[in-house]
Amino acid sequence: MPADELFAERLRKVEQLAARGIPSYGVDFRPTATMTRARALLDVHEREHPPEVGEPVVGPEVAVAGRVMQLRPQGGVCFAHLQDETGRLQVWLREDRLGDATYDVVRSLDLGDIVGVSGHVTRTRRGEPSVLADSMTLLVKALRQPPEKFHGLQDLETRYRKRYLDLLSSGAQRRHFATRTATIRALRASLDSRGFMEVETPILQPIAGGGAAVPFVAHWNALHTDVYLRIAIELHLKRLLVGGYARVYEIGRVFRNEGLSPKHNPEFTMLEAYQAYATYDDMRALTEALIVVGGRSLDLHPPYAVTRMADLVHERCGVDVLDRWDDMQQAAADLNVEVPADHGPGATLLEIYEQRVEPELWAPTFVLDYPADVSPLARRRVDDPRFVERFELIVAGRELANAFSELNDPVDQRRRFEEQAQLRAAGAAEIPPIDEDFLEAIEVGMPPAGGLGVGVDRLVMVLTGKMSIRDVLLFPTMRPQHRSVAAAAHDYGHHESPSERAEDP
RNA sequence: GCCCCCUUAGCUCAUCGGAAGAGCAGCCGGCUUUUAACCGGUUGAGGGAGGUUCGAUUCCUCCAGGGGGCACCA
């Protein structure tokens, strides 16, 4: 039967109930127990009042509410499994207890409806814990069918686009996303307990800096100007260090105008934390402390391996990159690593590392000391200014964390921004323009500090063993479907904006 | 942006160059301790647009969406 006929059939039931004065929505009902709690009450009752053989169990009275997931009507009796957040429980609906009027409602129940049931917890002849209903109230008539009751929702696209269907038909999925929340809660608690202050900083920015990524553009009608969605949190948190806070962090969404992949979602959750009078060595300790909070099944117990990038490349590729610094392009060529000709030694070294070393790093490893020219916000090493005090934590070939001793020398910072600006002028759209407002803040004086960024989604992927970032996002970004795009364009009307006038690259 | 694969009923799955089949859900009837309840009856489908063919769901082209890979990705 086509979807619209199934829909019409349920709507017809709503009207029939209404004709008899029975509402299908907006009915107040106060559950006194969850499904899990009601089961527990039955267990306790049976322990304290062991039932005689053949005698019916009459446990405590409860009121439960949930979605109808299974229906087994058989004439004057009907068994249904109701589901709430905690689980499922059978309710036992009898015509002789409910009366004709209510039992007519039972006869019209469909899978997916939400009902409230009051009665004593008991156990049926087959031993199934149940609520023997003294009353039943229809709370919601579902107009659309839930997914197939046995196989659940299989279609990946539907599970991503209509996550509510995925969740309501899969307790495993509900538990899975609860672990994501638990992980984030643990990160927050850990930072709070270390004296970090959680803050909120702007998402709409005139210059989206703090990283290298093409930003999303938004239009601000009142000011007739475009603004950008942030690509990182960094620069505002550093302004707060200037302002005098010693330890700040934010867990929030950042946006990068890039393609989709199992490891990339255009919007994702970043944790950034900054600590005054600390270095990247302190950030390493902090990273270990944070990761172990969420790390359960995986072997993520610190201490982790610590190696310098130059040493890793030397060991794994047999190339002494420090020796061949001025010859790095040739070193890459020798290793069959393709590098754009305009890459300097540092960028070339990073390319070699990312292609040849990083994918092989499975056990948690801190990779230390990145080239300075690819790390414009990090402090140079005193002993070798070609490198900065920066590390990434690599687990299973993925970057989980990125941290450095923050650059607080405003003169060096300006010089590095200007070098970056040259790359931008040469066509690197992912390099942000110089942020004078940020430089001014640094010029007021930012204490030496360590900073840490953690890709929360990737952390959750590692902790839960998921291979796709879509599986740790409740609502992953999906390509808009045509019908909704047309409708949205119509709803919003047409506003000429700089972003619309700009050529799409 | 490129390459490969996928799209059959509301859901879960079959089949096929020659009348598209099932389970669940739905509808009608039966059933007062069921468990993916059961029994009888019954409605309903090839993502979209073209092309090849006597005939296309099947073969071809394009489009859309999805999955994987590449590119991109501090």
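Naming: A, B, ... by sequence-line order, numbering from 1 per chain. Remember, it's a predicted structure, so these values are computed and weren't measured experimentally.
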| Among residues 121-131 of chain A, which contact RNA chain B at a heavy-atom distance under 4.0 Å? | Thr124(A), Arg125(A), Arg126(A), Glu128(A)
| said: From the set C27(B), A37(B), G68(B), return the single nucleotide nearest to any side-chain atom of Glu9(A). | reply: C27(B)
| field | Asp134(A) vs Arg97(A), side-chain contact (heavy atoms from CB on, under 4.5 Å): CA-CA, chis, key distance, verdict | value | CA-CA 6 Å; Asp134(A) 292 317; Arg97(A) 293 180 79 93; 2.9 Å; yes
| task | Answer yes or no: does atom CZ of Arg479(A) have more than 12 heavy-atom neighbours from other residues, nucleotides or ligands under 6.0 Å? | result | no
| query | Among C27(B), U12(B), U33(B), which is the nearest nucleotide to the side chain of Lys13(A)? | reply | C27(B)
| field | side-chain N/O Arg72(A) vs C38(B) OP1/OP2, d < 4.0 Å | value | no
| remark: Partner of G44(B) under the Watson-Crick or G-U wobble criteria, both distances under 3.5 Å, comes out as none
| message | I'd like to know if Arg380(A) pairs up with Asp409(A) as an ion pair, taking the criterion as any Lys NZ or Arg NE/NH1/NH2 lying under 4.0 Å from an Asp or Glu carboxylate oxygen. | response | no
| Starting at CG of Asp4(A) and ending at P of G26(B), how long is that distance when rounded to a whole Å? | 17 Å
| said: Strictly below 4.0 Å: does Arg159(A) bring a side-chain N or O up to OP1 or OP2 of G66(B)? | reply: no
| note | Taking A36(B), G68(B), C27(B) as options, the one with an atom nearest any side-chain atom of Ser468(A) is G68(B)
| said: I'd like to know whether CZ of Arg144(A) has more than 12 heavy-atom contacts from other residues, nucleotides or ligands below 6.0 angstrom. | reply: no
| query | According to the Watson-Crick and G-U wobble definitions, with both distances under 3.5 Å, which nucleotide is paired to C70(B)? | reply | G1(B)
| request: Say whether, by atom type as modelled, one donor and one acceptor occur between the side chain of His343(A) and the main chain of Leu350(A) under 3.5 angstrom. | output: no
| query | Between Gln154(A) (CD) and A9(B) (P), how many Å, whole number? | reply | 15 Å
| field | Ion pair Lys263(A)/Asp457(A), N-O distance below 4.0 Å | value | no
| Expressed as a whole number of Å, how far does the P atom of C38(B) sit from that of G23(B)? | 11 Å
| said: Phe387(A) and ring-ring contact (aromatic ring centres under 6.0 Å, His included): which single residue from Tyr370(A), Tyr280(A), Trp325(A) fits? | reply: Trp325(A)
| query | With a 4.0 Å cut-off on heavy atoms, is Arg390(A) in touch with a base, just the backbone sugar-phosphate, or nothing at all? | reply | sugar-phosphate
| said: If we ignore hydrogens and angles and just use 3.5 Å, is the side chain of Gln329(A) paired with the main-chain N or O of Pro340(A) as donor and acceptor? | reply: yes
| task | Could you measure between the two P atoms, the one in A22(B) and the one in G29(B), and give it in whole Å? | result | 23 Å
| field | Nearest-nucleotide pick for Asp96(A), side chain only, options being C13(B), A74(B), U32(B) | value | U32(B)
| task | For C38(B), give its Watson-Crick or G-U wobble partner with both distances under 3.5 Å, or none. | result | G30(B)
| field | Between C31(B) (C1') and Arg107(A) (CZ): distance, integer Å | value | 10 Å
| field | Whole-Å distance separating the CZ atom of Arg94(A) from the P atom of U32(B) | value | 10 Å
| query | Between A36(B), U34(B), U33(B), which nucleotide gets closest to the side-chain atoms of Gln90(A)? | reply | U34(B)
| query | Of the candidate nucleotides A74(B), A37(B), G65(B), which contains the atom at the shortest distance from the side chain of Gln70(A)? | reply | A37(B)
| request: On RNA chain B, check which nucleotide each of Arg10(A) and Gly259(A) is closest to and give me the residue with the more 5' one. | output: Arg10(A)
| What integer number of Å spans the C1' atoms of C39(B) and G55(B)? | 42 Å
| remark: Of the candidates A74(B), G10(B), U12(B), the side chain of Pro2(A) sits closest to G10(B)
| said: From NZ of Lys149(A) over to C1' of U34(B), roughly how many Å is that when rounded to an integer? | reply: 12 Å
| query | When all nucleic acid strands are considered with a 4.0 Å heavy-atom cut-off, which category describes Phe7(A): base, sugar-phosphate, or nothing? | reply | nothing
| query | Roughly how far apart, to the nearest Å, are C13(B) and U7(B) at atom P? | reply | 12 Å
| request: Without swapping roles, check the side chain of His45(A) against the backbone of Val58(A) for a donor-acceptor pair under 3.5 Å. | output: yes
| field | C1' gap between A56(B) and A36(B), integer Å | value | 37 Å
| request: Could you check how far CD of Gln74(A) sits from C1' of G29(B), rounded to whole Å? | output: 16 Å
| field | Same-atom distance (C1') from G46(B) to G40(B), integer angstrom | value | 30 Å
| request: Please work out if Gly453(A) contacts a base, only the sugar-phosphate, or nothing of the nucleic acid, heavy-atom cut-off 4.0 Å. | output: nothing
| Which nucleotide sits closest to the side chain of Leu6(A): A74(B), U32(B), G26(B)? | G26(B)
| request: Please determine, for the side chain of Glu148(A), which listed nucleotide (C24(B), G26(B), A37(B)) has the closest atom? | output: C24(B)
| query | Starting at CD of Gln83(A) and ending at P of A36(B), how long is that distance when rounded to a whole Å? | reply | 16 Å
| query | Under a 3.5 Å cut-off for both distances, is C24(B) Watson-Crick or wobble paired, and to whom? | reply | G10(B)
| message | Under a 3.5 Å cutoff, is there a donor and acceptor pairing between the side chains of Asn402(A) and Arg390(A)? | response | yes
| message | Suppose you measure atom P in U61(B) against the same atom in C5(B); what distance do you get, rounded to whole Å? | response | 10 Å
| query | Could you give the CD1-to-C1' distance, from Ile469(A) to G67(B), as a whole number of Å? | reply | 16 Å
| request: Between G68(B), A74(B), U34(B), spot the one nearest the side chain of Pro262(A), thanks. | output: G68(B)
| message | Determine whether a donor-acceptor pair (one donor, one acceptor, N or O, separation below 3.5 Å) exists between the side chain of Gln420(A) and the base of A74(B). | response | yes
| query | Rounding to the closest angstrom, what is the interatomic distance between A19(B) and U57(B) at atom C1'? | reply | 13 Å
